[in-house]
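Position 1 is the first residue of the sequence; numbering continues from there.
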Amino acid sequence: KKSRALLVTVLLFVISVAITAVEVRFAGVQGEPVLNNVIVFTLLNVNIILLAALILVSARNLTKLYLEKKRNVMGARFRSRLVSAFLLMAAIPSFFLFLVASGFITKGFDVWFSKQVEQSLKESLNVAQTYYHDSQENSLYFAQVIGAAVTENELLNQDKLNLLSDFVARKQKEYHLAAVDIFSGQQEKLASVSIFDEAQPPFQKSVQEVMGKVLAGKEATLILPAGEGDIILGGVPIYSSWNKSDIVGAVVVSYQISHSLTKKMAEIKDGFSRYIELKAFKNPLRGSYLLALLLITTLIVFGAIWYGFQ
């Protein structure tokens, strides 16, 4: 008997693994982490196997009782009545309890994964993305205003570089910018005001990257992740006051987003990603909960049958 029980256990385990592998392969959620797929479908299959085992054992006992009654075995009629009484007392309330509880589970999943919830999360993500987009537009606007003023007042002239430094410092405070850098057409830094460490390699490299694009004739923006919050850089060309098509320099402004706001935006993005990931498992998860509930209901019925046999 022990060897047979061990064989049945191993067989059920192999079947569970095989079914799980097939479900993971063809469930249509291959874009999600494999471990999540395996866990969800393993729980689902374990519930199915346990439920099937309980049904088989209960059916075996009831069939045995029926055959004993048919053969007029002593005490079989009384035992069948006793089992029937216990079965009815356990099955009827358990059945109604299952219906009510399964209704709550189904309703709960429908609410959790409703279009309204998903739309709210999408709107929250859109707000965060819009804020970043607006910040990029603002950085370009401030750079354009500063560049136009430099062109109009010819502040790139050699004899006006002192005025350029004062002008840049004033605009940096006026527009509440983290940094303002002015470059010549030869990529020489003519004026700079910054709240950052000038020796910080990532920031300087990003400024140089934006400046290179700007001197090539394109307005450019860049989002630089930083420890104290993201930094948004925006750069525009500075045109000659004599020929509006000649690029004689570049202005790059930096706008810092606070760490708390950056953290909240990251949480919104992460929350939406987790919601979409969980939504892919909506049906398997709901099925697993319903099967677990059905398993408990069947276990109660099995207990009533077993108690009637004692």
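- Between the side chain of Asn153 and the main chain of Ala149, a donor-acceptor pair closer than 3.5 Å is present.
- Cluster partners of Phe104, using a side-chain heavy-atom cutoff of under 4.5 Å among ILVMFWY residues and allowing indirect links, are Val100.
- Side-chain contact of Gln208 with Gln204: a donor-acceptor pair under 3.5 Å is absent, judged by distance alone.
- Salt-bridge annotation for Glu267 and Lys264: absent, with no side-chain N of the basic residue lying under 4.0 Å from a carboxylate O of the acidic one.
- Going from atom OG of Ser135 over to atom CG of Leu261 covers 8.0 Å, rounded to the nearest 0.5 Å.
- Remark: the backbone N or O of Asp159 is not paired with any side-chain donor or acceptor of Asn157 at under 3.5 angstrom.
- With values rounded to the nearest 0.5 angstrom, Gln136 atom CD is found 12.0 Å from Tyr131 atom OH.
- The two residues Ser192 and Asp181 come nearest to each other via the heavy atoms OG-OD1, 2.6 Å.
- Taking a cutoff of 4.0 Å between a charged side-chain nitrogen and a carboxylate oxygen, Arg170 and Asp166 do not qualify as a salt bridge.
- With sequence neighbours excluded, the residues that form a side-chain contact (heavy atoms from CB on, under 4.5 Å) with Ser254 are Ala178, Ala179, Phe196, Phe203, Ile231, Leu233.
- Once rounded to the nearest 0.5 Å, the distance linking CG of Asp134 with CD of Gln129 reads 12.0 Å.
- One distance of note links CG of Leu121 with OG of Ser273; it measures 10.5 Å at 0.5 Å rounding.
- A side-chain donor-acceptor contact under 3.5 Å links Thr151 to the backbone of Tyr239.
- Put simply, CG on Leu190 and CD on Gln158 are 8.0 Å apart, with the number rounded to the nearest 0.5 Å.
- Residues Ile223 and Val127 do not share a hydrophobic cluster, defined by chaining ILVMFWY side chains whose heavy atoms lie under 4.5 Å apart.
- Here Leu224 contributes atom CG and Gln256 contributes atom CD; the two are 10.0 Å apart, rounded to the nearest 0.5 Å.
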